[in-house]
Amino acid sequence: MDYRLPTTVVPSRYDIRLEPDLEAATFAGQETVAITVSEPVSEILLNAAELVIQSVSVQTADGPVVEGSASLDEAAERARLAFPQPIPPGEHRLTLAFTGVLNDRLHGFYRSTYKDAAGVSHTIAATQFEATDARRGFPCWDEPACKAVFGVTLVIPEALAAVSNTRVTGESPAGPGKKAVAFADTIRMSTYLVAFVVGELEATPPVMVGPTPLRVWCVPGKLHLARFALDIGAFALDYFERYYGLPYPGDKLDMLAIPDFAAGAMENLGAITYRETALLVDETAASHTERERVADVVAHEIAHMWFGDLVTMLWWNGIWLNEAFATFMELLAVDAWKPEWKRWTTFGVSRAAAMAVDGLHHTRPIEFEVRAPRDCEAMFDLLTYEKGASVLRMLEQHLSGEVFRDGVRLYLERHRFGNAETTDLWKALGDAARLPIPEVMDGWIFRPGYPLVIVEPDGTGVKLSQRRFTYLPAAGAASEHWQIPVRVRASVKRGFVDKPVLLGAEALTVSLPAAPDWVVVNAGGHGFYRVQYAAPLLRKMTSALKKLAPIERFNLVSDALALAQAGLMPSPDYLDLTARFGEETDRNVWAAVTGSWGYVNRVIADDQRADLEALVRQRVQAAVERLGWEAQPGETELERQLRADLLRTVGTLGNDPATQERARALYARYREDESAVDPDVLPALIAIVAAAGGETEYDEFLQRFKAARSPQEEQRYLYALAAFRPPELIRRTLEKTTSGEVRSQDAPFLMRALLAGVHSRGLAWDYVKANWETMARQYPGSAYRRMYEGVTALVSPEWEREVGEFFTSRKIVLGGKTLEQYLEQLRIAVSFQEREGAALAAYLAKPPRPPRAR
Ligand SMILES: [Zn+2]
């Protein structure tokens with residue numbers, strides 16, 4: 001079928017009046033759409049879903065009112081408006097009256113509920129229209145290129161507040177106990193960016209950023225959690241106005257925390273909606289990781305106000321650019337706000353996660369053809385956000401920050417209030433840089449996968465060559481090539497050589513003035529490729545770790561693990577490499593190391609777990625002793641977070657009784673005196689107490705989850721419920737994933753955590769098999785899809801067979817290549833287990849002493 005609406009009738013303006021009934025969970029609406037008809041039509045096609053259209057009429061420009069009738073095609077999500085006589089070409093006004101439901105699926109115009117401190121239930125009506133759910137709120141031309149001006153009026157009970165994309169221009173009485181709130185006209189924008197939020201909401205006083213008032217909205221009693229978001233929000237708004245060289249395109253900026261929210265946040269122009277954890281935070285009680293998350297999401301959404309909202313993709317195939325660019329800008333802004341967070345180094349973790357997916361046979365190009373709009377739902381993944389942002393960063397570094405920024409300015413200037421495609425960005429960047437961008441970029445955008453750069457000694461220099469990296473062998477991988485901007489840094493004769501080269505299909509020798517002490521390829525760490533060093537080069541590097549930047553050490557570990565998973569490095573060699581990092585001080589490098597032990601933990605047999613725990617304890621011991629348990633004066637935030645990360649590792653993965661005992665004692669002190677524990681360490685304590693805990697701790701944590709004072713506190717205790725190990729407690733948590741005790745926005749992620757845990761995965765899998773239909777019904781689609789990522793932890797040939805059979809026989813569709821990716825990741829883990837199992841067991845039973853640090 002044809003997914004695009006005919007272009008014979010296009011809208012330029014909507015005047016929408018909506019009256020939600022929060023108690024009945026319904027709404028009534030009326031809209032008048034200014035349309036341009038280019039040839040005579042006797043019917044008009046537009047999008048509508050789960051709406052009932054009561055009346056249709058067209059006021060023609062110079063003629064009579066023509067009454068029409070509507071029929072809905074629910075499968076196609078379209079309304080067909082038929083008229084007894086043709087509507088002539090011209091500018092006309094189409095008027096529709098309709099009703100709809102406030103659904104519980106967290107899309108379209110939906111209902112979110114929460115309980116206040118007294119336990120009384122309240123309802124909010126909110127919208128989530130991206131990608132294609134504006135049609136559930138009002139009949140419309142629901143395509144990103146059909147931009148229009150929106151004039152919105154919301155009719156609501158007098159006691160409630162209403163927020164939409166623009167400023168309130170007036171309120172007037174609208175019947176008993178009701179008021180009509182009118183909003184200013186929006187800029188010309190796409191339907192997916194329209195937002196309405198109605199409920200008992202409170203707002204902070206505005207922070208003025210130039211002429212723009214910035215506010216945070218939330219349910220009553222939470223305004224004290226808004227300060228941090230306002231700080232990063234004000235910084236980001238100002239930062240982006242300067243970077244883009246264009247004023248903020250709205251007339252105010254509201255950021256709203258919605259108790260039920262499927263995604264992280266949504267960039268509705270002027271009315272950004274968030275899940276509570278991504279906006280509200282008690283900054284004095286939160287850990288670094290929790291604050292960073294809020295800063296990231298806020299900066300990301302504000303970046304979209306220009307890139308996405310002011311200039312919008314022409315069609316859904318361009319969603320990657322929208323998201324990749326906002327992710328890239330989020331990092332730039334947060335890095336400028338808090339340079340001490342070293343955000344580009346931390347981004348290594350996200351880049352590595354994208355590389356893990358992009359190394360699969362079942363990966364996809366960043367950009368691909370999207371016909372059915374639904375197909376783009378699966379585009380909201382690591383490849384779009386993280387790979388996309390990585391290749392933009394690689395390009396920015398290649399062109400220089402200023403040239404890249406100039407190109408972005410040119411692009412926004414050329415296309416503002418309109419739509420654009422990827423090629424338009426390349427054109428603008430190319431014009432700014434006077435370079436042909438597509439030659440370098442097309443391979444990264446339009447082809448799946450990424451390269452492995454192979455480095456070998458060649459005379460006094462090194463020879464670079466490439467092939468495609470895949471975890472499972474792939475025919476033809478050796479002949480696949482990219483244009484790779486590579487930076488080589490070498491230590492030669494007490495000095496450094498730092499060379500940028502562009503590596504193409506032909507092998508390339510980088511000559512050096514003398515034999516190097518060590519060489520690092522992907523210097524600076526921004527490249528989206530892996531590196532395999534010949535053994536002598538690797539040895540030299542690992543004995544000079546302190547000379548490398550943290551991101552370079554991170555990439556060394558991350559690449560080595562991938563090589564081991566792909567069978568290109570023996571697993572004992574990999575584990576030996578992790579022994580070299582005893583003195584490591586960077587938390588991202590530690591995250592790569594401890595994360596890889598977590599992977600090994602899923603692969604080994606239960607009776608080998610004690611050996612792995614011993615290895616983990618031995619290898620983090622020195623770092624844990626160095627950092628201690630308490631924050632020291634003068635420490636950076638990252639050092640504090642590292643302490644917490646390592647304590648968590650030794651107390652959970654390392655299963656260390658002494659650490660668990662001390663965590664319990666410290667947690668007991670925290671209950672008496674909350675200031676007794678460092679805020680960064682507290683989440684780790686909770687995780688450790690859970691991992692070693694029984695029913696008493698479980699009951700307490702459950703209670704604390706229910707009575708949480710901040711979204712972060714709620715999340716800590718919620719996910720701790722998935723970390724308890726006694727089977728009867730695992731069963732209790734499993735039941736909460738379908739009982740309604742946990743919000744449907746969180747339950748799928750709780751389930752994913754249960755599937756991923758080595759102590760809970762068997763029971764969790766049985767529970768999914770028995771309850772998947774309930775889950776499919778209760779969970780929002782995007783989160784339901786992500787829940788199944790947990791099956792990648794079911795590492796055994798028997799489980800693998802069961803998982804395959806489960807999805808086939810139940811005909812479960814996850815969209816895009818998501819399911820194939822999970823199955824392939826499971827295949828990789830099982831084949832790693834089959835290939836390396838004996839070697840891993842032997843190594844863990846008798847690990848070599850760690851080498852002495854130099
Ligand atoms: Zn985004």
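Just follow the structure's listing: the first ligand is 1, and inside any ligand the first atom is 1.
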Do the side chain of Asn419 and the main chain of Pro144 share a donor and acceptor less than 3.5 angstrom apart?
yes
Heavy-atom donor-acceptor pair, Asp424 side chain to Ala428 backbone, under 3.5 Å:
no
Donor-acceptor contact below 3.5 Å, side chain Arg136 vs main chain Asn103:
no
Just checking Tyr192 against Trp316, ring centres under 6.0 Å apart?
yes
N-O pairing of Glu292 and Lys338 below 4.0 Å:
no
Protein-derived N, O or S atoms lying less than 2.8 Å from the Zn ion (ligand 1), waters not counted, sum to 3
Taking ring-ring contact (aromatic ring centres under 6.0 Å, His included) as the criterion, tell me which of Tyr243, Phe404, Phe347 meets it with Phe328.
Phe404
